[in-house]
Amino acid sequence: MILSFHPCFDADIQIILGDQILGPDHVQCIERADAIILPQACTQNLYEACARSGASVFPNYAARIRYPGKMGQYRLFEVLRLRCPRTYCWPSARHVKAEWDRADKLPHSFPFLFKEDRRHEGEGIFFVENPGGLRTP
C-alpha cells in the first residue's frame with residue numbers, strides 16, 4: 001500500500017496533515033504502508049515516524065533532519081568536503097556586533113550577507129554594507 005502525505009500525489013491512502021499533529025490513526029497507516037510520499041513541509045516528527053516504519057520513504061529527508069538550518073547545511077558541506085562560500089557561524093547578530101565592538105575587526109570584510117539559521121526560500125537574508133548595518137535590537 002502506498003501512503004501519501006503530499007497534496008499533489010494521489011496514492012492508495014492520502015493524508016493531508018496541514019497543521020494537525022500526527023495522531024494514532026496516522027501512525028497506523030504509516031505502519032501498514034509499503035511506500036510513503038512525504039510533503040514538502042515535512043516535520044521532523046513525521047519524517048522520523050515514517051523512517052522507523054520500514055517503508056520506502058520519498059523523498060529521503062535524513063540529511064535535512066540531521067543537518068538542520070543554514071549552519072547544518074554548512075556542516076554537511078564540511079563533512080562531505082564540498083566547496084561552498086566562506087562561511088562564519090555566529091549565534092546571533094548581537095554576537096557579531098559584540099565581536100565587532102570588542103575587536104573593532106571582523107574575520108571578514110564588508111559587504112557581506114547575514115543569514116538567519118532556520119529561515120528559507122530567501123527569507124532571513126540581510127545585506128550588511130558597512131558597520132552601521134550591524135544594528136541589533
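What you are looking at is a predicted structure, and each value in this text was computed from that prediction instead of being measured.
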(message) How long is the straight-line distance from SG of Cys50 back to CD1 of Ile37, given to the nearest 0.5 Å?
(response) 11.0 Å

(message) Tell me if a side-chain donor or acceptor on Ser4 pairs with a main-chain N or O of Ala11 at a distance below 3.5 Å.
(response) no

(message) When you compare the side chain of Phe127 with that of Leu113, does any pair of heavy atoms fall below 4.5 Å?
(response) yes

(message) Quick check: is Phe112 connected to Trp90 through a chain of hydrophobic side chains (ILVMFWY, heavy atoms under 4.5 Å apart)?
(response) yes

(request) Determine yes or no for a side-chain-to-main-chain donor-acceptor pair under 3.5 angstrom, with Asp12 supplying the side chain and Ile2 the backbone. (result) yes

(message) I need the Ile21 CD1 to Asn45 CG distance, nearest 0.5 Å.
(response) 8.5 Å

(request) Could you check if a side-chain atom of Leu17 sits within less than 4.5 angstrom of a side-chain atom of Pro39, using non-hydrogen atoms only? (result) no

Which donor-acceptor pairs under 3.5 Å do side chains of residues 65-84 form with protein atoms, sequence neighbours excluded?
{"unit_1": "Lys70", "atom_1": "NZ", "unit_2": "Arg119", "atom_2": "O", "d": "2.7"}
{"unit_1": "Tyr74", "atom_1": "OH", "unit_2": "Glu78", "atom_2": "OE2", "d": "3.2"}

(request) Calculate, to the nearest 0.5 Å, the distance between atoms OG1 and NZ belonging to Thr87 and Lys115 respectively. (result) 7.5 Å

(message) Return the OH to CD distance between Tyr61 and Gln44, rounded to the nearest 0.5 Å.
(response) 13.5 Å

(request) Could you pull out the closest heavy-atom pair between Leu22 and Ala49, with the gap in Å? (result) CD2-CB, 3.7 Å

(request) Hey, could you give me the CG/OG1 distance between Asp19 and Thr43, rounded to the nearest 0.5 Å? (result) 12.0 Å

(message) Just so I know, are the side chains of Gln20 and Ile15 near enough to count as touching, which here means a heavy-atom distance under 4.5 Å?
(response) no

(request) Taking the side chain as every heavy atom from C-beta outward, state whether Leu38 and Pro59 have any pair of such atoms under 4.5 Å apart. (result) yes

(request) Would you check if His26 and Cys29 make a side-chain contact, meaning some heavy-atom pair closer than 4.5 Å? (result) no

(message) Measuring from atom SG of Cys42 to atom OH of Tyr47, what distance do you get when rounded to the nearest 0.5 angstrom?
(response) 8.5 Å

(request) Indicate yes or no for a side-chain donor-acceptor contact from Glu129 to the backbone of Phe110 under 3.5 Å, with no hydrogens or angles considered. (result) no

(request) Return the minimal non-hydrogen interatomic distance between Ile13 and Arg32, and the atom names on each side. (result) CD1-NH2, 3.5 Å

(request) Determine whether Ile36 and Phe9 fall in the same hydrophobic cluster, where Ile, Leu, Val, Met, Phe, Trp and Tyr are linked whenever their side-chain heavy atoms lie under 4.5 Å apart. (result) no

